Amino acid sequence: MPELAEVEYFRKKWNVGLDHKIVSIHLQSEKRVFRQTSTTLLARKIRGRSFHSSHAHGKQMLFRFGSDAWLGIHLGMTGRLLAASSLHRPSSSDHLILRTASHSLIFRDPRLFGRVRFAVSPRPPSWWSNLPPPIHSPKFTVPYLRKICARRARSPLKALLLMQQFFPGIGNWMADEILWQAKLCPRTLSGALSSSSIAQLHQRLRQICRTSLRLIGHDYSDPPKTWLYRHRWRSGGYCPRCQRRLSRAPIGGRTTCWCPTCQPSTPLPLASPD
DNA sequence: ACGCGGCCCTGCCGGC
DNA sequence: TGCCGGCAGGGCCGCG
């Protein structure tokens, strides 16, 4: 489940190839990850060009070759990027490999939920430039979050946080972490939040994104033991704040983990931050 | 326009 | 010990 921090971690795996020429390409064009993408164009336009830059935005990644060839990769659920020697033998789930003189830059995705895009244009393609403001950017303000909540007033908070058009890079575990730290019930409707709850949600969103990027995004370090993250998948897991048993149920179409004591369905009066 | 349920995939785990 | 059914989830599509 690569979310924004894991995506940042994987993006950097290809950086060993920066400023090197792509001398050959290996790909399996019939694989689902290439849906609606011309693999012949991709191969023709990347081969012989230099790997110029790499970027991440939420769950999307963008790689530039030469001046105008743009490769987009979405890792889906089980996708990952890795670098290996130039002699690497492709496994059956290595759908795309770009080879420099010294390295193989590999996109591996056993479950095929990932996606590869490609475009040739002087500017980045629209699917990249039209992405919403990153959560850590100055544009992601409290009034902006308030507007999102008002627009999707009848969505449960859990479902809201999973919407990539508003919260780029948030996935299942981050959404649960944010709601747990903000002490908000995942079933609460987005339109029902008080302004102090919106402020709390805003603060936790930004802080969890920052910390995740610093730890996971840097070297896949584990988040602190005080986070729900370390407890949520253990069968019979316990809340690291109140030590009571965690609940699990599908909300917003995804398995959700929360603490019914710390995240009651009706907000506790005078809830103090942390 | 919005909210939701179903579908795509296959590795892995629990139960028999 | 080995097999197999069901679960897991990000995004997209179609329905009401």
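Note that these values count all heavy atoms, side chains included, but never hydrogens, waters or copies made by symmetry. Quick caveat, the model's predicted, so the values are computed rather than measured.
In this structure, I106(A) belongs to a hydrophobic cluster whose other members, linked by side-chain heavy atoms under 4.5 Å apart, are L82(A), I97(A).
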Base versus backbone protein contacts along nucleotides 11-16 of chain C [heavy-atom cut-off under 4.0 Å; B, S, -]:
BS----
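The CD atom of Q203(A) sits 9.5 Å away from the CD1 atom of I208(A) when rounded to the nearest 0.5 Å.
In this structure, CD of E3(A) is placed 10 Å from C1' of dG10(C), rounded to the nearest angstrom. Distance D176(A) CG to dA8(C) P: 13 Å, rounded to the nearest Å. Computed from coordinates, the I251(A) CD1 to dA8(C) P distance equals 14 Å when rounded to whole Å. Atom CD1 of I73(A) is separated from atom C1' of dG10(C) by 16 Å (rounded to the nearest Å).
Side-chain atoms of R99(A) and S104(A) form a donor-acceptor pair, as typed in the model, at a separation below 3.5 Å.
Here E177(A) pairs with Q181(A) under the side chain to side chain donor-acceptor pair (under 3.5 Å) rule; sequence neighbours left out. Residues that satisfy the side chain to side chain donor-acceptor pair (under 3.5 Å) test with T40(A), not counting sequence neighbours, are S38(A). E3(A) meets the side chain to side chain donor-acceptor pair (under 3.5 Å) test with no other residue; sequence neighbours excluded. Legend: residues meeting side chain to side chain donor-acceptor pair (under 3.5 Å) with Q60(A), ordered by chain and number and at least two apart, are absent.
Within 4.0 Å (heavy atoms only), R154(A) reaches sugar-phosphate atoms of the nucleic acid but no base atom. Residue-level contact check: P156(A) touches the backbone only, with heavy atoms under 4.0 Å from sugar-phosphate atoms and none from bases.
Residue pairs meeting the ring pair (Phe, Tyr, Trp, His ring centres under 6.0 Å) criterion with at least one member in residues 142-165 of chain A, sequence neighbours excluded: F140(A)-Y144(A). Pairs engaging residues 101-135 of chain A under the ring pair (Phe, Tyr, Trp, His ring centres under 6.0 Å) rule: H57(A)-W128(A) [sequence neighbours left out].
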Pairs of donor and acceptor atoms involving the side chains of residues 23-31 of chain A, under 3.5 Å and at least two apart or interchain, shall be tabulated with distances.
{"residue": "Q28(A)", "atom": "NE2", "partner": "S92(A)", "partner atom": "O", "Å": "3.4"}
{"residue": "Q28(A)", "atom": "NE2", "partner": "D94(A)", "partner atom": "O", "Å": "3.3"}

Return all side-chain donor-acceptor pairs below 3.5 angstrom for residues 151-166 of chain A, not counting sequence neighbours, or 'none' if the list is empty.
{"residue": "K158(A)", "atom": "NZ", "partner": "N172(A)", "partner atom": "OD1", "Å": "2.7"}
{"residue": "K158(A)", "atom": "NZ", "partner": "D176(A)", "partner atom": "OD1", "Å": "2.8"}
{"residue": "K158(A)", "atom": "NZ", "partner": "T256(A)", "partner atom": "OG1", "Å": "2.8"}
{"residue": "Q164(A)", "atom": "OE1", "partner": "G169(A)", "partner atom": "N", "Å": "2.9"}
{"residue": "Q164(A)", "atom": "NE2", "partner": "L162(A)", "partner atom": "O", "Å": "3.2"}
{"residue": "Q164(A)", "atom": "NE2", "partner": "I170(A)", "partner atom": "O", "Å": "2.8"}

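Across the helix from dC2(B)-dG16(C) to dC16(B)-dG2(C), the helix axis at one end is tilted relative to the axis at the other end by 50° (nearest 10 degrees, each axis from five pairs).
Interface limits on DNA chain B: the 5'-most and 3'-most nucleotides within less than 4.0 Å of chain A heavy atoms are dC2(B) to dG11(B).
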